[in-house]
Each structure stands twice: as C-alpha cells, then as structure tokens.
Amino acid sequence: MSLHVLVSQFAENVAAQTNAIWQGDAKAGNRRARKYISAFEQLRAHGDAGREALTVLFRHPRMDVRVMAAAYLLRYRTHEAREVLMEAARGEGLVPFKAGQTLKRWDEGAWSLDPE
C-alpha cells in the first residue's frame, strides 16, 4: 500500500473516531482507533519515509487530525509537532485537552507512541 493511501487512512479514521465519540458510539470509535493505529504501524514499517509522509497532516483542516499526527510524530519531528500541539492546546474542548495531555506526557517522559 502506498504511503499516500496510508496517510489518508490515518486521517480518515482519526476524523471518524472523533465523530463517533461526539455521537457517543464508543464501539465505532474504538474500531476507528484500531484502524488509524494500524495505518501508523504500516507507515512506521517504512521507517522515516513513512513518518515523513505523515507530516503533511500537520496542515490538515481538522484539528483532531493535526493533533493526532503531531502526537505520533513527537519523537521524529519534535519542534513541529510541539508547535501543532501547543497551538491546539490553547483552545477549549476535547481535542485541545488531548493536545495538552500529550504535551504533558511528553514533558514527563511518559510518551511512547513511536519509541524507536
């Protein structure tokens, strides 16, 4: 599967998970989470080329997609990912809360989404 397709799957499933959460459908949200995690694992199998492909999502129109991409790319693109997360964390709501929590875990040394 191409890197572009995997990046699209990642973004689509992050957005769908957020939508499912807003609709109170945890089962659908969990199913979508498994799909974007799988897409990331496949991207990671391509090494830094896969990670680099995901950086295009730093400019995605949906904040939830930008935040999730930044969360997964903190180790690889620390400066850019932190900027995305800090910008999002200034807002209010679930996604800004997630961005702030991600930054907190990173600062505590407890972040482990892409540890290699």
> Looking only at heavy atoms, which two atoms of Leu74 and Thr78 are closest? And how far apart?
Replying inline: O-OG1, 2.6 Å
> If you look at every heavy atom in Leu113 and Arg44, which pair is closest and at what distance?
Replying inline: O-NH1, 3.7 Å
> Got a second to check how far Met1's CE is from Ser8's OG, nearest 0.5 Å?
Replying inline: 11.0 Å
> Tyr36: what forms a ring-ring contact (aromatic ring centres under 6.0 Å, His included) with it, not counting sequence neighbours?
Replying inline: Phe10
> Hey, is the main chain of Arg34 close enough, under 3.5 Å, to the side chain of Ser38 for a donor-acceptor pair?
Replying inline: no
>> Using every non-hydrogen atom in the two residues, find where Ala39 and Leu6 come nearest and quote the distance to one decimal.
In response: CB-O, 3.7 Å
>> Between Trp111 (side chain only) and Ala71 (backbone N and O only), is there a donor and an acceptor less than 3.5 Å apart?
In response: yes
> Do you know which two heavy atoms are closest between Leu94 and Ile21, and how far apart they sit?
Replying inline: CD2-CG2, 3.9 Å
> Can you tell which of Arg62, Arg66, His60 makes a side chain to side chain contact (heavy atoms under 4.5 Å, CB included) with Asp64?
Replying inline: Arg62
> Which one of Gln17, Lys35, Arg32 satisfies the side chain to side chain contact (heavy atoms under 4.5 Å, CB included) criterion with Glu12?
Replying inline: Arg32
>> When you compare the side chain of Leu73 with that of Phe58, does any pair of heavy atoms fall below 4.5 Å?
In response: yes
>> Any heavy-atom pair between the side chains of Val7 and Phe40 that's under 4.5 Å?
In response: no
> Listed by chain and number, what are the salt bridge (Lys or Arg N to Asp or Glu O under 4.0 Å) partners of Glu80, not counting sequence neighbours?
Replying inline: Arg77
>> Taking Asp48 first and then Arg51, would you say they form a salt bridge - that is, a charged N and a carboxylate O separated by under 4.0 Å?
In response: yes
> Crowded around Glu108 CD? As in, over 12 foreign heavy atoms under 6.0 Å?
Replying inline: yes
>> My understanding is that only one of Val56, Thr55, Leu57 makes a side chain to side chain contact (heavy atoms under 4.5 Å, CB included) with Arg59; could you say which?
In response: Val56
> If you take all heavy atoms of Ala88 and Ala99, which pair is closest and at what distance?
Replying inline: CB-CB, 3.8 Å
> Which pairs with one or both residues in residues 76-105 pass ring-ring contact (aromatic ring centres under 6.0 Å, His included), sequence neighbours excluded?
Replying inline: none
> With a 4.5 Å limit on heavy-atom distance, are the side chains of Pro96 and Met63 in contact?
Replying inline: yes
>> Test salt bridge (Lys or Arg N to Asp or Glu O under 4.0 Å) on Asp107 and Arg82; report intermediate values, then the result.
In response: CA-CA 11 Å; Asp107 292 341; Arg82 283 183 59 85; 3.0 Å; yes
